[in-house]
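One structure is given here, and the rest of the page talks about it.
Just so we're on the same page: letters track the sequence lines, and every chain starts at 1. Quick caveat, the model's predicted, so the values are computed rather than measured.
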Protein chains: 2
Amino acid sequence: MTTRIQRRNRRKILDAALDVFSAQGFRGATLDQIAGVAGLSKPNLLYYFDSKEAMHRALLDDLLDVWLEPLRGLNPEGNGKAEILAYMRRKLQMSREFPRESRLFANEVLQGAPRLGDQIGGDLKKLVDESAALIRRWIAAGQLAPVDPYHLIFSIWALTQHYADFDAQIRMIRDGADPMEGADAYLETLFERLLKP
Amino acid sequence: MTTRIQRRNRRKILDAALDVFSAQGFRGATLDQIAGVAGLSKPNLLYYFDSKEAMHRALLDDLLDVWLEPLRGLNPEGNGKAEILAYMRRKLQMSREFPRESRLFANEVLQGAPRLGDQIGGDLKKLVDESAALIRRWIAAGQLAPVDPYHLIFSIWALTQHYADFDAQIRMIRDGADPMEGADAYLETLFERLLKP
DNA sequence: AGCAGACCTGACCAACCAGTCAAGGTCTCT
DNA sequence: AGAGACCTTGACTGGTTGGTCAGGTCTGCT
């Protein structure tokens with residue numbers, strides 16, 4: 001049985017933890033920082049979560065579902081090129097809305113995905129394999145230019161997540177302007193030309 | 001005056017530090033780990049470098065030059081599309097040859113580039129601005145399809161570095177196969193179609 | 001009101017970590 | 001060979017950090 005206070009505090013803690021973990025990485029984050037952002041005392045964090053590790057795990061558990069949702073949205077009945085473009089748009093929208101999640105994920109994979117290995121090797125791989133098979137059918141049906149489906153998926157990830165993950169670099173180069181400005185149009189053009197049968 | 005021993009040990013230390021920093025991030029790395037990889041004692045590291053920070057700085061100082069070299073190689077006299085494709089190929093080759101450097105850089109930018117801000121805002125920005133202007137001239141000359149030059153550069157970075165930075169993820173999805181397999185051909189096609197005037 | 005259980009915290013601990021230091025070993029040059 | 005600079009390290013220190021605990025406060029229910 002979870003109380004009102006539990007719900008509120010767990011949410012505050014996970015939100016603060018996402019802030020700090022995504023900005024500093026797992027080892028770089030300290031409980032004191034998270035406590036500061038959450039506005040709670042350090043022992044209080046540990047009343048709600050067994051350990052720093054447990055907070056991180058809770059975030060990652062939620063993350064992969066959210067992260068994969070756009071890919072699940074591919075409609076086998078739809079037009080191949082249109083479906084891929086729509087997927088790309090959803091993914092870019094996620095980078096815009098959830099940059100912290102994107103960076104948390106990037107941090108994790110960058111360090112070899114030690115705490116995410118099972119899920120990537122499991123759910124994610126399965127979904128990607130299915131999507132690749134679907135893309136191959138679309139190509140065979142002439143709805144899509146023939147490209148390697150795995151590299152196509154990787155390129156969508158790379159291009160969309162880059163705007164969240166390398167935000168700091170892009171901002172410095174573009175004098176602090178919104179890194180995403182013009183990204184939609186550019187990526188639209190890119191995939192339109194790549195995939196036109 | 002630097003001795004033979006100094007050269008050898010500095011090199012060993014920086015190589016070990018690159019191993020550890022690129023895999024764990026700055027705060028995640030410990031001097032003991034670096035010492036272990038380098039095969040030296042911890043106080044000995046600090047005989048050659050003033051601090052952990054100094055090792056990291058030494059790596060980053062070297063890094064940016066190497067990293068920007070491919071972009072400097074754009075030849076204003078050459079054909080626009082061919083030059084961009086050649087740049088992409090050089091950049092992909094760097095991801096293949098120097099994945100640790102790529103990850104070191106990614107770690108740094110992901111965390112807001114706190115120790116790299118000046119250089120990114122300075123040298124890098126200048127070079128990118130110049131390259132963007134060059135790309136605009138190529139477009140005006142009809143050698144390149146009209147695309148936003150900044151997004152073009154970002155997309156080259158995103159696509160090539162992705163293979164080094166997200167190596168762990170790609171390996172898991174592709175059952176441990178070489179992540180780069182087929183990348184050349186795929187990216188070649190992608191940019192060929194995007195940039196054809 | 002009063003009670004049981006949920007919630008919260010100051011003070012503390014042990015492990016870890018960057019960095020110091022004094023003492024001893026090794027290399028180089030004459 | 002021997003002096004002197006260069007190199008190396010075990011043992012240590014002070015500060016940080018994840019985590020504990022005993023005891024206090026608050027909340028919701030009867």
Side-chain angles (χ1 to χ4, degrees), chain A residues 1-61 104 107-108 110-112 114-116, chain B residues 1-61 104 107-108 110-112 114-116:
Chain A
M1 159 72 191
T2 63
T3 69
R4 185 173 41 86
I5 296 179
Q6 273 172 28
R7 270 192 301 280
R8 176 172 49 90
N9 283 352
R10 270 187 217 274
R11 194 160 22 80
K12 277 206 287 190
I13 292 170
L14 287 179
D15 190 69
L18 179 55
D19 253 37
V20 178
F21 282 136
S22 69
Q24 321 266 13
F26 180 75
R27 290 221 38 194
T30 72
L31 289 180
D32 285 307
Q33 284 176 314
I34 298 173
V37 174
L40 298 171
S41 70
K42 185 171 63 168
N44 206 3
L45 300 196
L46 293 162
Y47 174 76
Y48 289 102
F49 291 89
D50 286 346
S51 64
K52 181 183 175 184
E53 172 92 27
M55 290 174 212
H56 197 249
R57 199 166 33 238
L59 285 173
L60 289 183
D61 282 349
L104 180 71
N107 259 306
E108 194 56 19
L110 203 48
Q111 314 201 348
R115 303 156 219 280
L116 209 59
Chain B
M1 158 68 191
T2 62
T3 67
R4 185 175 40 87
I5 296 180
Q6 272 170 30
R7 269 191 302 281
R8 176 172 48 91
N9 283 352
R10 271 187 217 275
R11 194 159 23 80
K12 277 206 287 189
I13 292 169
L14 287 179
D15 190 68
L18 179 56
D19 253 37
V20 178
F21 283 137
S22 68
Q24 321 266 13
F26 180 75
R27 291 218 39 194
T30 72
L31 290 180
D32 284 306
Q33 284 176 314
I34 298 173
V37 174
L40 299 171
S41 69
K42 184 171 63 168
N44 207 2
L45 301 195
L46 292 162
Y47 174 79
Y48 289 101
F49 290 89
D50 286 346
S51 62
K52 181 183 172 182
E53 173 93 28
M55 290 175 211
H56 196 249
R57 200 166 32 242
L59 285 173
L60 289 183
D61 283 350
L104 181 72
N107 260 307
E108 195 56 18
L110 202 51
Q111 314 201 349
R115 305 157 217 277
L116 209 59

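Between B/R8 and B/K42, the residue anchored closer to the 5' end of DNA chain D is B/R8, taking for each the nucleotide with the nearest heavy atom.
Of the candidates C/dT9, C/dC21, D/dT27, D/dT27 carries the atom nearest the A/I5 side chain, counting heavy atoms from C-beta on. Looking at the side chain of A/L46, the nearest of the listed nucleotides D/dG19, D/dG10, C/dT9 is D/dG19. Closest contact between the side chain of A/Y47 and the listed nucleotides C/dG10, D/dC7, C/dC7 involves C/dC7. In this structure, the nucleotide among C/dG19, C/dC8, D/dT9 sitting nearest to the side chain of B/S41 is D/dT9.
Remark: the backbone N or O of B/T2 is paired with a side-chain donor or acceptor of B/R7 at under 3.5 angstrom.
Summarising the geometry, the separation between CG on A/N44 and C1' on D/dG19 is reported as 14 Å, rounded to the nearest angstrom. In this structure, the NE2 atom of B/H56 is 17 Å from the P atom of C/dC17, given to the nearest Å. Atom NZ in B/K52 sits roughly 14 Å away from atom C1' in D/dG15 (whole-Å rounding). The CG atom of A/L40 sits 7 Å away from the P atom of C/dT9 (whole-angstrom rounding). Between A/L45 atom CG and D/dT17 atom P the separation is 14 Å, expressed in whole Å. Here C/dA18 presents its P atom at 14 Å from CD1 of B/I13, a figure rounded to the nearest Å. Rounded to a whole Å, the CZ atom of A/F21 is 13 Å from the P atom of D/dT17. If you take CD1 of B/I34 and C1' of C/dG19, they are 14 Å apart, rounded to a whole angstrom.
Backbone-only contact: B/Y48 has heavy atoms under 4.0 Å from sugar-phosphate atoms and none from a base. If you check every strand for non-hydrogen atoms under 4.0 Å, A/N9 touches sugar and phosphate atoms only. Heavy atoms of A/A29 sit under 4.0 angstrom from primed sugar atoms or phosphate atoms, though from no base atom. Using a 4.0 Å heavy-atom criterion, one finds that A/L31 contacts the sugar-phosphate atoms exclusively.
In this model, the phosphate group of D/dC7 is not approached by any side-chain N or O of B/R4 to a distance below 4.0 Å at OP1 or OP2. A close approach under 4.0 Å does occur between a side-chain nitrogen or oxygen of A/R27 and OP1 or OP2 of C/dC17. Taking 4.0 angstrom as the limit, B/T30 places none of its side-chain polar atoms (N or O) nearer than this to OP1 or OP2 of C/dC16. A close approach under 4.0 Å does not occur between any side-chain nitrogen or oxygen of A/Q6 and OP1 or OP2 of C/dA6.
With contacts defined as side-chain heavy-atom distances shorter than 4.5 Å, the pair B/R27/A/T30 qualifies. The shortest side-chain heavy-atom distance between A/L45 and A/K52 does not fall under the 4.5 Å cut-off. Contact annotation: the side chain of B/L60 approaches that of B/L104 to within less than 4.5 Å [non-hydrogen atoms, C-beta and beyond]. Side-chain contact between A/F26 and A/M55 is absent, with no heavy-atom pair separated by less than 4.5 Å.
Residue A/I13 holds its CD1 atom at 7.0 Å from OH of A/Y48, rounded to the nearest 0.5 Å.
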